[in-house]
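Report on the structure given below.
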Amino acid sequence: MLSLPYIRENKDLVIKGLAIRNFPNAEKLIGEVLDTDIKRRALQAELDNTLAESNKLSKEIGNFFKAGEVQKAAIAKEKTGKLKERSKTLNEELNGFENELTELLYQIPNIPNTLVPPGNSEEDNEVVFQDGEVPKLHQGAVPHWELAKKYDIIDFELGNKITGAGFPVYKGKGAKLQRALIAYFLDRNTEAGYTEVQPPLMINEASGLGTGQLPDKEGQMYHVGIDNLYLIPTAEVPVTNFYRDVLLKESDFPICNTAYTPCFRREAGSYGAHVRGLNRLHQFDKVEIVRIEHPDQSYQALDGMVAHVKSILQELKMPYRILRLCGGDLGFTSALTYDFEVFSTAQNRWLEISSVSNFETFQANRLKLRFKNKDGKSQLAHTLNGSSLALPRVLAGLLENYQTENGIKIPEVLQKYTGFDLIS
RNA sequence: GGAGAAAUGGCAGAGUGGUCGAAUGCACUGGUCUUGAAAACCAGCGAGGGUCACACCUCCGGGGGUUCGAAUCCCUCUUUCUCCGCCA
């Protein structure tokens with residue numbers, strides 16, 4: 001959520017920024033926020049004065065009792081009674097405005113970075129980099145779901161039986177390959193300076209609010225009603241929430257974590273050809289990188305994360321490209337996002353395998369994640385995260401691009417993890 | 001699941017109805033001393049709101065209550081610890 005002082009001081013910038021996102025009625029909404037804020041502050045001042053007077057009287061009463069002046073104490077007591085009623089009313093009104101304000105602020109997405117191109121949809125995303133050769137596949141090359149069946153490495157029907165659609169069972173060399181990818185990603189990340197962590201796979205409400213999944217997107221998470229917990233949709237949520245309500249020192253930066261976790265997403269409302277096979281699942285594995293940065297350093301950090309993910313894809317020798325998301329495609333909480341896509345040769349389409357974002361202070365504000373700056377004041381930190389990488393689509397791309405007539409080859413960097421170089 | 005104890009500033013830890021936003025120690029920041037560092041000494045040092053700046057207000061796990069007045073008393077929730085039971 002944007003901070004009120006920021007909106008107050010940068011009204012025009014905020015409205016302009018929201019326009020890049022095609023956010024409707026920005027001007028009206030921001031106007032409402034500022035109006036409510038003014039009302040809130042006026043009421044706050046009045047309440048403060050009432051309380052100040054009441055506090056003063058209380059002290060006097062104490063002194064009267066000590067001096068044995070019971071009469072005077074009784075008179076003062078009567079006065080405080082009235083003040084108390086007044087402050088109660090004021091407090092209720094104030095709460096009303098505060099709730100209204102919070103609700104308004106929850107509706108406002110992050111302000112896009114100046115690099116973000118305007119646009120409505122995927123088509124307006126900017127391709128900023130592309131590399132890797134699209135392999136020429138043999139006659140009879142097939143999409144991964146057919147390969148999965150042919151070599152018996154992923155069993156979608158079995159998952160249907162046990163749980164439902166979107167919960168595949170990995171078998172044999174398929175399971176091993178998946179484990180190899182996870183180990184490889186984690187190793188690459190820790191080599192790059194990220195600390196490996198294993199967070200809980202369920203989060204409470206406060207954590208969901210902290211990173212912005214709640215209150216609006218609760219329908220996208222699985223909810224364990226009896227304990228009021230949510231299954232994590234990404235490791236970003238528990239790992240970023242490590243730093244909720246934390247006051248850092250400047251010397252703590254940079255904070256770099258990496259975590260492998262399964263991710264759970266309800267994906268309500270997505271059906272059709274694009275969700276076949278591994279393209280869209282309810283449970284999938286992902287290795288995530290999360291950083292907490294000094295605001296002056298966060299964009300450098302973002303570039304570093306992009307370069308890091310890039311280096312992994314180079315090693316895997318996969319055709320990929322990097323997109324800078326346009327305003328219309330940008331996530332609610334993000335200021336700048338780079339998506340990585342691998343080309344799936346057999347499906348003849350690009351598959352998103354990573355999304356690397358800088359949230360600036362948007363999450364930090366809700367998280368109350370701050371640091372003491374050089375002036376000794378507390379200031380909001382910047383949060384960033386990215387996938388490195390999301391397993392199913394990497395696997396899909398890998399199976400499809402590395403298929404030969406004799407079987408599926410294993411990229412060289414993975415062979416020491418798999419212990420085999422061919423699935424046949 | 002049962003029984004008990006506890007939750008206070010970055011950390012540790014006093015405080016059991018009125019000048020307590022809170023002793024003390026550690027950590028941190030500045031200074032003196034030193035070639036430099038350490039040690040020692042001196043000073044400063046919680047968070048949020050509010051103000052041009054003060055004033056002022058709020059916060060001692062969360063919520064509610066008693067009282068003129070609550071860190072302190074009561075209720076409730078959450079969490080932690082100890083003991084018992086169960087168990088990977």
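Just so you know, these numbers use all the heavy atoms, side chains as well, and skip hydrogens, waters and symmetry mates. Numbers restart at 1 for each chain; the letters A, B, ... are given by sequence-line order, proteins then strands.
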Roughly how many Å is it from [atom1] in [X] to [atom2] in [N], rounded to a whole number?
{"X": "Glu53(A)", "N": "C56(B)", "atom1": "CD", "atom2": "P", "value": "14 Å"}
{"X": "Lys368(A)", "N": "C59(B)", "atom1": "NZ", "atom2": "P", "value": "15 Å"}
{"X": "Arg370(A)", "N": "G46(B)", "atom1": "CZ", "atom2": "P", "value": "14 Å"}
{"X": "Gln44(A)", "N": "C57(B)", "atom1": "CD", "atom2": "P", "value": "12 Å"}
{"X": "Asn373(A)", "N": "C45(B)", "atom1": "CG", "atom2": "C1'", "value": "15 Å"}
{"X": "Gln379(A)", "N": "G48(B)", "atom1": "CD", "atom2": "P", "value": "12 Å"}
{"X": "Glu250(A)", "N": "C28(B)", "atom1": "CD", "atom2": "C1'", "value": "13 Å"}
{"X": "Asp245(A)", "N": "G46(B)", "atom1": "CG", "atom2": "C1'", "value": "14 Å"}

(message) Among C57(B), G69(B), G50(B), which nucleotide has an atom closest to any side-chain atom of Arg41(A)?
(response)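 Of all the options, the side chain of Arg41(A) is nearest to G50(B).
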(request) Could you please name the option among G49(B), C68(B), U58(B) that lies closest to any side-chain atom of Leu51(A)? (result)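 Out of G49(B), C68(B), U58(B), the nucleotide with an atom closest to Leu51(A)'s side chain is U58(B).
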Under 4.0 Å between any heavy atoms, over every strand shown, what does [X] touch: base, sugar-phosphate, or nothing? Just pick one.
{"X": "Ala52(A)", "answer": "sugar-phosphate"}
{"X": "Ser378(A)", "answer": "sugar-phosphate"}
{"X": "Leu57(A)", "answer": "nothing"}
{"X": "Asn55(A)", "answer": "sugar-phosphate"}

Return a table of donor-acceptor pairs under 3.5 angstrom between the side chains of residues 90-109 of chain A and protein atoms on other chains or two or more places apart.
from	atom 1	to	atom 2	distance (Å)
Asn99(A)	ND2	Asn95(A)	O	3.4
Thr102(A)	OG1	Glu98(A)	O	2.8

Identify the nucleotide, in any strand shown, that forms a Watson-Crick or G-U wobble pair with [N], with both distances under 3.5 Å; if there is none, say none.
{"N": "G4(B)", "value": "C81(B)"}
{"N": "U51(B)", "value": "none"}
{"N": "C59(B)", "value": "G46(B)"}
{"N": "U24(B)", "value": "A12(B)"}
{"N": "U35(B)", "value": "none"}

Would you list the protein and nucleotides 64-66 of chain B atom pairs, both N or O, that sit under 3.5 Å from each other?
none

If we take the [atom1] atom in both [N] and [M], what is their distance in whole Å?
{"N": "A7(B)", "M": "A55(B)", "atom1": "C1'", "result": "34 Å"}
{"N": "A3(B)", "M": "C11(B)", "atom1": "P", "result": "32 Å"}
{"N": "C41(B)", "M": "G49(B)", "atom1": "C1'", "result": "38 Å"}
{"N": "G18(B)", "M": "G4(B)", "atom1": "C1'", "result": "33 Å"}
{"N": "A39(B)", "M": "G30(B)", "atom1": "P", "result": "15 Å"}
{"N": "U67(B)", "M": "C75(B)", "atom1": "C1'", "result": "16 Å"}
{"N": "U51(B)", "M": "U35(B)", "atom1": "C1'", "result": "48 Å"}
{"N": "C77(B)", "M": "C28(B)", "atom1": "C1'", "result": "36 Å"}

(message) Please determine whether a side-chain nitrogen of the Lys or Arg among Asp421(A) and Lys409(A) lies less than 4.0 Å from a carboxylate oxygen of the Asp or Glu.
(response)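 Judged by the 4.0 Å cut-off on N to carboxylate O distance, Asp421(A) and Lys409(A) do not form a salt bridge.
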(request) Report yes if a donor N or O on one partner sits less than 3.5 Å from an acceptor N or O on the other, where the partners are the side chain of Asn63(A) and the base of G18(B); otherwise report no. (result)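 It does not, because no donor-acceptor pair links the side chain of Asn63(A) to the base of G18(B) below 3.5 Å.
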(message) Both Gly62(A) and Arg8(A) contact RNA chain B. Taking the nearest nucleotide for each, which residue is further toward the 5' end?
(response) Gly62(A)
(request) Could you check Asp37(A) against Lys372(A) and say which one's nearest nucleotide on RNA chain B is further toward the 5' end? (result) Lys372(A)
(request) State which residue, out of Leu391(A), Leu278(A), Ile153(A), fulfils the side-chain contact (heavy atoms from CB on, under 4.5 Å) condition with Tyr170(A). (result)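 For Tyr170(A), the side-chain contact (heavy atoms from CB on, under 4.5 Å) test succeeds with only one of Leu391(A), Leu278(A), Ile153(A), which is Leu278(A).
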(message) Counting the benzene-type ring for Trp, do His308(A) and Tyr194(A) have ring centres under 6.0 Å apart?
(response)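 His308(A) vs Tyr194(A): aromatic centres under 6.0 Å.
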(request) Could you tell me which non-hydrogen atom of Cys263(A) sits nearest to which non-hydrogen atom of Pro233(A), and how far apart they are? (result)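 Minimum heavy-atom separation between Cys263(A) and Pro233(A): CB-O, 3.2 Å.
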(request) Run the numbers on Arg41(A) and Asp37(A) for salt bridge (charged side-chain N to carboxylate O under 4.0 Å, His left out), then give the verdict. (result) CA-CA 6 Å; Arg41(A) 278 188 289 168; Asp37(A) 180 44; 3.4 Å; yes
(message) Is Arg40(A) close enough to G50(B) that one of its side-chain N or O atoms is under 4.0 Å from OP1 or OP2 there?
(response) yes
(message) side-chain contact (heavy atoms from CB on, under 4.5 Å), that's the test. Do Phe242(A) and Val239(A) meet it? Break it down for me.
(response) CA-CA 5 Å; Phe242(A) 287 177; Val239(A) 176; 4.2 Å; yes
(request) Decide whether a cation-pi geometry holds between Lys173(A) and Phe420(A); the criteria are a distance under 6.0 Å from NZ or CZ to the six-membered ring centre and an angle within 45° of the ring axis. (result)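 Flagged: Lys173(A) positioned over aromatic ring of Phe420(A).
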(request) State whether Phe371(A) and Lys249(A) meet the cation-pi test: NZ (Lys) or CZ (Arg) under 6.0 Å from the six-membered ring centroid, and within 45° of the perpendicular axis. (result) no
(request) Can you spot which of Asn189(A), Asp187(A), Thr195(A) makes a side-chain hydrogen bond (donor to acceptor under 3.5 Å, both in side chains) with Thr258(A)? (result)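 Answer after filtering Asn189(A), Asp187(A), Thr195(A): Asn189(A).
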